[in-house]
Amino acid sequence: MNYFLGILAFACVAACQNKPLENKPKVSILEKEKKEICKTSGTFSELVLERRIHAIDPLIKEEKDVYDVDIYSPKSAIYSKDGTKFYVNSLEGYATVVYDANTFIKIKTIKYHFSEKNKHLFKNNENTAFDYQFKQKKENLNHFFGKPVESCLSHDGKFLWVTFYRRDFDENAESPSAVAIINTETDEIVRVIPSGPLPKMIACSPDNKFISVTHWGDNTVGIIDISSNNVMDFKYVSHIEVDGRLTMNYANGQKVNRDNDCGNCLRGTVFSPDGKYIFIAKMGGNGIAVIETKNFKYIGTITGSKGNLRHIIINHDDLILSSNKHGVVQKAKLSELLKLPFENEKTLVNYPNWQTVNVGFGARTIEATTDGKYIFACVNNECKVVVIDAQEMKVIASKDVSKFPVGMAISHDGTQLIVTSQGKDSVLKSGNAVSIFKIKYE
């Protein structure tokens, strides 16, 4: 047995060098065991750029650059459950791009172009959820391009859920949008479910029974029952208002900035580990909304943190958040938050014991290594990624990345980091890049 483990450990050292490998769609059991042994260990050392995939300019030819026209305003990234590939949501490209996590070779581009040929993806030709009405007059409302923004996995990684920021014909994002479900074994869309306006964040419950779809557009949250293994059985079971649902009666031809005109601008979303609560960041509001899942009831708001909250994650025993405007990452004991005295939706409970670390203006997506030792944060305005010691809550490293970083994902074994840089229209040749880093440990 020791001899066998020794062979695996030796192989693991070689595997962790991230040298280009033959692009194989299947991973053997032995390779999975090697990857498992190769988990984070030791002390963080540095981030080393391995590849940058971009669509900035085909004439830009840095040593580690690869030009890919499909990377158009990349918003977020996520690894497959087995870690063999990763998905990048290309917002303005109307697509999710799939790459091999070892070779960085593009496997597939999943296009969100819906027409008569894929009407089978819409159960009973459904095009709206709850009581949402379309403001546009269109012959077929299921003929559209979808702009993918965020994603999550369900059913032990079998299904990838992708929210559409808006449909291409809905300029003011005042009509129902949609969510795509992808079978990760085939990387094919297997169903499209309508949603409320501007769904951004999406999260799966720990028991794999529910999906929470957070609508940036009107202060609401949709809950989908996914307890079946048949995607066509999935159905909405609750529609939750957070401090009152917004009305969106925009005049014909009126230009609306829906990035700002969004009420609470509900963003970061995460279930508690026991699945009894959902925490939702009010990026335009006053803290963290708390939803009880027993009856899917909004029971109040946690205050006391910085405002303009963008992202929330659970890191072992802690809830971690990022504040975009204030440029900080904060930590609170989850057990203490769960003991706060909530009564109803108007309850505001101040929690004073946040631990805070300054990371730089424009703190966006945050992710933690599986072992909980390190937190990584995108700092959009300063075009960098910072590494935080999660225990001490202090920045221990910083790395410049392509302008302007918004999303990230960390491999399950803690050895690889993906950063998406969306860019800004006001800065020429910015963004449209995905940077892949090796995370090194001493």
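- Just one residue in the list R364, R267, K75 forms a salt bridge (Lys or Arg N to Asp or Glu O under 4.0 Å) with E150, and that residue is R267.
- Residue A178 comes nearest to S195 through the heavy atom pair N-OG, 3.3 Å, listed as atom of the first residue, atom of the second, then distance.
- Taking a 6.0 Å sphere around CD of E92, one finds it holds more than 12 heavy atoms contributed by other residues, nucleotides or ligands.
- Within the model, atoms CG of L309 and OG of S322 stand 7.5 Å from one another, a figure rounded to the nearest 0.5 Å.
- Side-chain atoms of P197 and E174, non-hydrogen and from C-beta on, never get closer than 4.5 Å to each other.
- Counting only distance, with no hydrogens or angles, the side chain of W216 and the backbone of R258 share a donor-acceptor pair below 3.5 Å.
- K403 NZ: 12 or fewer foreign heavy atoms inside a 6.0 Å radius.
- F271 has its ring centre no less than 6.0 Å from the ring centre of Y277.
- Applying the ring pair (Phe, Tyr, Trp, His ring centres under 6.0 Å) criterion to Y94, with sequence neighbours excluded, gives F145.
- Using a cutoff of 4.0 Å between basic side-chain nitrogens and carboxylate oxygens, E126 and K235 are not scored as salt-bridged.
- Within a 6.0 Å sphere centred on NZ of K297, heavy atoms belonging to other residues, nucleotides or ligands number 12 at most.
- With values rounded to the nearest 0.5 angstrom, N183 atom CG is found 14.5 Å from R191 atom CZ.
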Exercise for review: I would like to know whether S435 and R51 meet side chain to side chain donor-acceptor pair (under 3.5 Å); could you show each step before the answer?
Suggested key: CA-CA 6 Å; S435 301; R51 190 69 52 87; over 6 Å; no

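- Between the CD1 atom of I278 and the CD1 atom of I299 there is a distance of 10.5 Å, given to the nearest 0.5 Å.
- The shortest side-chain heavy-atom distance between V434 and V419 does not fall under the 4.5 Å cut-off.
- Checked by atom type, the side-chain pair T214/T269 shows a donor-acceptor distance below 3.5 Å.
- Screening residues 221-240 for ring-ring contact (aromatic ring centres under 6.0 Å, His included) gives F130-Y236, F130-H239, Y132-H239, H155-F234, W161-F234 as the qualifying pairs, with residues at least two apart or on separate chains.
- Taking a 6.0 Å sphere around CG of D317, one finds it holds 12 or fewer heavy atoms contributed by other residues, nucleotides or ligands.
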Review point. Stepwise, does the side chain to side chain donor-acceptor pair (under 3.5 Å) test hold for D371 with T369?
Key: CA-CA 5 Å; D371 62 7; T369 51; 2.7 Å; yes

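- T109 and D70 share a side-chain donor-acceptor pair at under 3.5 Å.
- Annotation for I226 and F210: closest pair CG1-N, 3.6 Å, computed over non-hydrogen atoms.
- Inter-residue side-chain proximity for I436 and F86 is flagged as met; some heavy-atom pair is nearer than 4.5 Å.
- Heavy-atom contacts from other residues, nucleotides or ligands closer than 6.0 Å to NZ of K325 number 12 or fewer.
- With hydrogens and angles left out, the side-chain atoms of N89 and S76 include a donor and acceptor closer than 3.5 Å.
- You'll find the side chain of F279 reaches within 4.5 Å of the side chain of S272, heavy atoms only.
- Looking at K81 and D156, a side-chain N of the basic residue comes within less than 4.0 Å of a carboxylate O on the acidic one, giving a salt bridge.
- Across S323 and A363, no two heavy atoms sit closer than the pair O-CB, 3.5 Å.
- Remark: H54 pairs with Y67 by the ring pair (Phe, Tyr, Trp, His ring centres under 6.0 Å) rule, at least two apart or across chains.
- A donor-acceptor pair shorter than 3.5 Å can be found between the side chains of T220 and H215.
- Sorted by first and then second residue, the pairs that involve residues 255-332 and meet disulfide (SG to SG under 2.5 Å), not counting sequence neighbours, are C262-C265.
- D68 and K106 are joined by a salt bridge, as a carboxylate oxygen and a charged side-chain nitrogen come within less than 4.0 angstrom of each other.
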Can you give the donor-acceptor pairs under 3.5 Å from side chains of residues 390-402 to other protein atoms, not counting sequence neighbours?
{"from": "K399", "atom 1": "NZ", "to": "L47", "atom 2": "O", "distance (Å)": "3.4"}
{"from": "S402", "atom 1": "OG", "to": "R52", "atom 2": "NH1", "distance (Å)": "3.0"}

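- A salt bridge between E185 and K158 is absent, with no side-chain N of the basic residue lying under 4.0 Å from a carboxylate O of the acidic one.
- Contact check for I181 versus I193: side-chain heavy atoms found under the 4.5 Å cut-off.
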Exercise for review: Determine, stepwise, if the pair E171 / R166 fulfils salt bridge (Lys or Arg N to Asp or Glu O under 4.0 Å).
Suggested key: CA-CA 8 Å; E171 187 175 358; R166 67 182 80 190; over 6 Å; no

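- There is a side-chain donor-acceptor pair under 3.5 Å between S73 and Q422.
- N230 and S228 share no donor-acceptor pair across their side chains, judged by distance under 3.5 Å alone.
- At a threshold of 4.5 Å between non-hydrogen side-chain atoms, the residues Y250 and D261 count as touching.
- Identified under the side chain to side chain donor-acceptor pair (under 3.5 Å) test for residues 344-353, with sequence neighbours left out: E336-Y351.
- Checked against the 6.0 Å centroid criterion, the rings of F104 and Y99 do not qualify as a close aromatic pair.
- You'll find the side chain of Q416 reaches within 4.5 Å of the side chain of E50, heavy atoms only.
- The heavy-atom pair separating A409 from A77 by the smallest distance is CB-O, 3.6 Å.
- Here the side chains of E188 and K108 are in contact, with some heavy-atom distance below 4.5 Å.
- S227 OG to K209 NZ: the interatomic distance, rounded to the nearest 0.5 Å, is 7.5 Å.
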Review point. After noting the C-alpha distance and the side-chain angles of R245 and D131, does the key distance pass the salt bridge (Lys or Arg N to Asp or Glu O under 4.0 Å) rule?
Key: CA-CA 12 Å; R245 181 174 165 183; D131 60 347; 2.9 Å; yes

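- Here the CG atom belonging to N264 is positioned 5.0 Å from the CG atom belonging to D243, to the nearest 0.5 angstrom.
- The structure places CD1 of I78 at 12.5 Å from NZ of K85, a figure rounded to the nearest 0.5 Å.
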